[in-house]
Amino acid sequence: MLAGGAPAQAADGITRGTTYSDAPDSRYLLGGDWLFRLDAEGVGLDQKFQRQETTDGWVPTAVPRAWNAGDNSVTSFQGTVGWYRKDFKLPDARSRMNWLVRFESVNYRSRVWLNGKLLGRNTGAYLPFEQRLPRDGLKLRGTNRLVVRVDNRRLPTDFPPSGLTGAGDPAGGWWNYGGILREVYLQRIDRIDVTSVVVRPDLPCSTCAASVGIRIVVRNYADRALRIGIAGRYGRQRARFAARSVPAHGFASFSSQVRVAKPKLWSPATPTLYAARFRVTLRGRKLVSYRIDSGIRSIKVVDGRLLLNGQKVALRGVGVHEDDPTTGFAITPARRAQIVAQAKEVGATVIRAHYPLHPDIHDLADRAGLLIWSEIPVYAVKTQYLKREEVRKLAAKELRQNIAANQNHPSVMLWSIGNELSARPGPVQALYIARAARDAKALDPTRPVGLAVAGYPSAGCRPQYASLDVIGVNEYFGWYPGPNGQISDRDALPEYLDSVRACYPKKAIFISEFGAEANRDGPLEEKGTYPYQRDFVNHHMGVFATRPWLSGVVYWALQEFRVRPNWDGGNPRPNSPIHAKGLLSFDGAKKPAWFDAQRLFAATPQLAVP
Ligand code: GCB
């Protein structure tokens, strides 16, 4: 799947190209052999693992790799420190080149050194970050040593936060896999780096011409100003950019507008993509090229409904986790393709996760016609922590980074700012929501902003949700009791849903979760059995079908995944740490309810509904 044009260079497992689009052609996968060292005693910094030249104490590993995949112990979940190391030679020794190292996802806190020198730190998984490799410390021809210290001990101020369940077990919604969970790339910079490309189609009406706004920001790494040109195309049309001078060590922004007279619209039914290609040139010679697969469609909330290309939708879909029994969250390209294929097979038009998905999944969803509910892992953060300025700052940063990383994908349907914060929000959450919605709109006015909330009748109508376009209701009526048993009875669901609608008539409402655990055969009346899960799916889907104002419904989840030690998920006979609400078992077998969901999804008109 590597694409980037140039022949692969195998030295040190470094190959040119990225697995995904929305990237320059100057990235090199930093694959091959890496080294790893667990540091449970926390002695690495004192013993200077970052400076160690020998390989004593290090064991071979590959990257991505979660060091605790398959270890279901409490200690594993609580996290520890691990070190990764890559000894490598640059794939191009020309001295005019600058280099960055790019990490797609490291869980959770990381520090990066090159040849013993600290380059920087990062906090938070699921979003990419880059560190510049300084010219003075970098060997053009010799062996360089990249060392990454990863600390995945969870704090209550992290996303997701640490905490304790009522029973005293560590809390959390998915397994705390430590390590470098997604790919690492080297990026070569031939004087000019493309720091961002935004391709934003605007479709005023479904039969209108589209106007595609393109903005490219570049940074000049050279000591003198450079006058550069950009040649671009969008589909079969040219995108023209005026040549400009970029100041030495400075930035410049290039803009263009392309009109597509009769666009072929992107939708789950017809996921048409337009190839956007850009070539940055200096005196006619190419420095770097960049590719994006774009799609023309509009997504808006109007009068309480989500409109795709001006038409109402009643989406059906599934929640996903990037989990795998063997690799944990460091999933392979084949596994990513499988997740998307399975979502399609069950008949989904939308998928949801609690964190930004891998860039490959975004690409696959663009091509397969799956919308993505794109969420940052601001998951069940307690108000006492959300109150802290530094927590809200990190959340705002993750939202910004998610938009920056994923906004060019037509599959991304909305920006979700979190999941299950307090169900009875007060001023702290109100402030968080208002600022997040404002920030998201400023960065990307073309997408709605949403939040997933725990569906409890006692929550009432909340003015704190005013600035949201979309409310996702996590609905477990008849499965969990909820506070004071208020959701024990599934017959209370219709009235509850209608009350939510009455509270928020102008917002689009989703069921962002509903589900029941099933890990065995047994009687229909018994929670945790396959018949119970089938009945649950049929009953709830039946209620949703009589609520045509629902813009979408997401079953939680497509497949089983690891949650946390002593997870029971409401199942009287749990198989901890496995979350068993999946329609597929962890090893991929279809449960009976899979076929119900598939049939009911297929029976629901999801797009262009009246
Ligand atoms: C929720 C969470 C989700 C859990 C689910 C459950 O509300 O958002 O992460 O997996 O409930 O099964 O309890």
Side-chain angles (χ1 to χ4, degrees), residues 77 125-126 154 158-163 165-167 169-177 317-323 329 351-357 373-382 416-424 450-457 459 470-483 486-488 490 493 496 500 510-519 527-528 532-533 536-537 540 553-586 591 593 597:
F77 187 86
Y126 317 110
R154 278 186 182 168
D158 288 348
F159 303 140
S162 65
T165 66
D169 297 307
W174 57 97
W175 198 264
N176 181 14
Y177 292 107
V318 284
V320 299
H321 268 295
E322 292 182 356
D323 204 353
F329 269 27
I351 56 175
R352 172 176 177 239
H354 285 312
Y355 41 80
L357 289 159
W373 172 293
S374 178
E375 192 161 293
I376 49 172
V378 179
Y379 178 96
V381 177
K382 297 226 160 64
S416 170
I417 60 171
N419 178 72
E420 295 197 2
L421 306 175
S422 166
R424 300 173 63 81
L451 172 71
V453 308
Y456 297 136
V470 177
I471 293 188
V473 179
N474 296 346
E475 174 289 274
Y476 290 94
F477 276 71
W479 180 257
Y480 290 123
Q486 58 183 297
I487 62 169
S488 302
R490 71 182 194 180
L493 174 62
Y496 165 70
V500 173
F510 271 70
I511 301 298
S512 37
E513 290 179 22
F514 74 110
E517 306 251 325
N519 56 358
K527 280 187 181 168
Y532 189 102
Q533 187 186 39
F536 183 94
V537 168
H540 286 244
V553 167
V554 175
Y555 182 81
W556 191 261
L558 172 65
Q559 186 162 10
E560 295 186 345
F561 56 92
R562 291 191 184 95
V563 192
R564 61 179 187 233
N566 293 321
W567 167 259
D568 67 38
N571 185 349
R573 287 165 62 190
N575 179 25
S576 177
I578 304 296
H579 183 281
K581 296 185 181 78
L583 300 170
L584 298 166
S585 68
F586 205 15
K591 300 182 189 175

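Both backbone and side-chain heavy atoms feed into the values below; hydrogens, waters and symmetry mates do not. Counting starts at 1 for both ligands and their atoms, following the listed order.
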Between ligand 1 and the protein, which N/O pairs are shorter than 3.5 Å?
| unit_1 | atom_1 | unit_2 | atom_2 | d |
| --- | --- | --- | --- | --- |
| ligand 1 | 7 (O) | Glu420 | OE1 | 3.3 |
| ligand 1 | 7 (O) | Glu420 | OE2 | 2.5 |
| ligand 1 | 7 (O) | Glu513 | OE1 | 3.0 |
| ligand 1 | 8 (O) | Asn419 | ND2 | 3.0 |
| ligand 1 | 8 (O) | Glu513 | OE1 | 3.2 |
| ligand 1 | 8 (O) | Glu513 | OE2 | 2.6 |
| ligand 1 | 9 (O) | His354 | NE2 | 2.7 |
| ligand 1 | 9 (O) | Tyr379 | OH | 2.8 |
| ligand 1 | 10 (O) | Trp556 | NE1 | 2.9 |
| ligand 1 | 10 (O) | His579 | NE2 | 3.0 |
| ligand 1 | 11 (O) | Tyr476 | OH | 3.4 |
| ligand 1 | 11 (O) | Glu513 | OE1 | 3.3 |
| ligand 1 | 12 (O) | Tyr480 | OH | 3.4 |
| ligand 1 | 12 (O) | His579 | NE2 | 2.7 |
| ligand 1 | 12 (O) | Lys581 | NZ | 2.7 |
| ligand 1 | 13 (O) | Tyr480 | OH | 2.5 |

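Inspection of the Glu560 and His579 side chains reveals no N or O donor paired with an N or O acceptor under 3.5 Å.
Listed by chain and residue number, Arg109 satisfy the salt bridge (Lys or Arg N to Asp or Glu O under 4.0 Å) test with Asp158 (two or more places apart in sequence, or in another chain). With sequence neighbours left out, the ring pair (Phe, Tyr, Trp, His ring centres under 6.0 Å) criterion links Tyr355 to Tyr126, Trp174, His321, Phe329. With sequence neighbours left out, the salt bridge (Lys or Arg N to Asp or Glu O under 4.0 Å) criterion links Glu513 to Arg352.
Between Phe514 and Phe536, the angle of the ring planes stays under 30°, which puts this pair in the parallel group of the 30/60° scheme.
Glu517 places none of its side-chain heavy atoms less than 4.5 Å from the side chain of Tyr532.
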